[in-house]
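Every number for a ligand or one of its atoms is a count from 1 in the order of the listing.
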Amino acid sequence: MEGRYDYNRIARLWPDILRQRPFKMWRYRELLPLRRDDYQITMGEGGTTLMRANNLGMMLGAPNLFIKDERQNPTNSFKDRQAAMVISMMKEAGITELIVASTGNVAISYSAYSAHAGIKLWSFLPSLVPPEKMREIAIYGSEVVKVTATYDVTKKVAAQFADHRGILVDRGIRNTGTRESMKTIAFEVAEQLAAELGPPQPGVPWRTPDWYIQAVSGGMGPIGFWKGYEELYQMGLVNRLPKLALIQADGCAPMTNAFRKGLPHSEDVSDPSTRVITIATGAPGPAYDHLYDIMKEHGGVFESVSDEEAFRALHVMAKMEGLSIEPAAAVAFAGLFKLLNMGVINRNETVIVCCSGHTFPVEKFLLEEDWLKVLPASAETLAPVVPETPPPAPPSQAGLLGALDQLDQRVQQIMIVEDNPEAARLLRRILQTHGEFQIGEAHTGKEGLDMIRATRPDLILLDLMMPDMDGFAVIDNLKADPKLRDIPVIVITAKELNLKDRERLQGQIQMLLQKGAFMDEDLLQEIGALLGKNDEEK
Ligand SMILES: *Cc1c(COP(=O)(O)O)cnc(C)c1O
């Protein structure tokens, strides 16, 4: 079933009615295939930022670059639009159990939305999906089935299982809801670009970019995006259509390879060889044929990039624009760099890059070897000289001091200010078992303040009830001192706080923990976040 809509009516309705609706995916509900609004499953999907890439633009000499930041969706990829739409339609149809095959992000997104909707989900994943993504899927209560095969084989296994068990399997691109949901990216971009650059001509409210760039796998994103612009064009809300630039990884480029040869059907890849698993669809089927037809008629291009180019782009985006993106999203940016270099995209054109997903910090291979500063000193450098053995050459003064300097840089200092020695010991123990911290300990407020002034720790764990100077007074002193006021403070207290106490702490501290009512993980997590440490990496 293809979505059928009354475009004339909607074209008249939208300009006024949209002004009253929140900037979220469902504001476009007249052009989405859910019959009844009360079946909407929503977690805040869509309405993502369109950001001008100023630094990148300066670097590339391309002033009209915009990033559609789809990481801002509830599970951090643009699959949430699809999940919100499809799961809502399932709910409307009374379906209670569903199977999906995925390279990771669809399963994460469907799992979250299924949990929200009370639908049981089975996720079939190729074994190369990072274990962290698999755990993310499992935490939502989905059944996780790892198939030791490519994604294309995994899809077949899922379909067989569905058949065998009599459970519905998600039809992906062949599902109306999937394609229709992705139109909302086009609708948003059209509105957002008009807000940025003004309407293109009198009487035409919204705007079309010259290019939409996306990393492509199954093709739902661009097919939906294109359909969205076609509808806007038909309704007279924009005055032209964009061009698509779709990027694949060299190691799995069935669409790009076919396009380069001018073939109307994809050149399937049976043994993908790329680390960018998210977009490793080897057999895209009719999605390619459709995109090929669009490009024949309206221009546009398929391109591919190496994994190395993608990883480099990933670092550039993080360091130049502050966007931590997943390798699949980085493929789109690497494609942008390449197409600008090739002159396919003109540097003055208006370009939207779809930043399709957030990285998982756990994808360790993304960091260069030297991201962690490791102390170069060997055991002998620091150990006392043992008389019986021939003395090792004494380390040069500079070497040892250098080593100690680095040690100081790496080990972070935490000051515990707590009058109860038992409580202090517990805190020290929690810290010691979970990392290398330099821990100072003071047993009165006054002593604590003196030690903080002398050592300037990275973090303070503070009790409130202490003789002489209490915790509130310690905080007041810290905040009055420009050198100390930025040190984060975690208050750990046995005192029942009243409203006035809470107001005094408001905005002054990073976290409040009740003694005897917090887990060490709570504390460690907060400490980890405050110190910017990542437990996984040790
Ligand atoms: C799914 C996905 C893609 C590719 O999507 P298409 O279905 O080909 O449009 C790109 N990036 C991320 C992060 C994805 O999750």
Answer with yes or no after comparing the ring centroid distance for F302 and Y288 against a 6.0 Å cut-off, counting only values under it.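 Ring-ring flag for F302/Y288: true, centres closer than 6.0 Å.
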Would the Y229 and F225 ring centres measure less than 6.0 Å apart?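 Y229 vs F225: aromatic centres under 6.0 Å.
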Suppose the criterion is ring-ring contact (aromatic ring centres under 6.0 Å, His included): which pairs have a residue in residues 160-179, not counting sequence neighbours?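 Found W122-F161, F124-F161.
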Name all residues meeting the side chain to side chain contact (heavy atoms under 4.5 Å, CB included) criterion together with S102; count only those two or more places apart in sequence or in a different chain, and write none if there are none.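 For S102, the residues satisfying side chain to side chain contact (heavy atoms under 4.5 Å, CB included) (neighbours in sequence not counted) are V106, A107, L125.
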Any side-chain heavy atom of W211 within less than 4.5 Å of one from V353?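 W211 vs V353: side chains apart.
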For Y28, which residues count as a ring pair (Phe, Tyr, Trp, His ring centres under 6.0 Å) partner, sequence neighbours excluded?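 Residues passing ring pair (Phe, Tyr, Trp, His ring centres under 6.0 Å) with Y28: W14, F187.
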What does the contact table look like for ligand 1 (nitrogen or oxygen on each side, cut-off under 3.5 Å)?
unit_1, atom_1, unit_2, atom_2, d
ligand 1, 7 (O), G219, N, 3.3
ligand 1, 7 (O), M220, N, 3.2
ligand 1, 8 (O), S217, N, 2.5
ligand 1, 8 (O), G218, N, 3.0
ligand 1, 8 (O), G219, N, 2.8
ligand 1, 9 (O), Q214, NE2, 2.8
ligand 1, 9 (O), M220, N, 3.4
ligand 1, 9 (O), G221, N, 2.7
ligand 1, 11 (N), S356, OG, 2.7
ligand 1, 15 (O), K79, NZ, 2.6
ligand 1, 15 (O), N105, ND2, 2.8

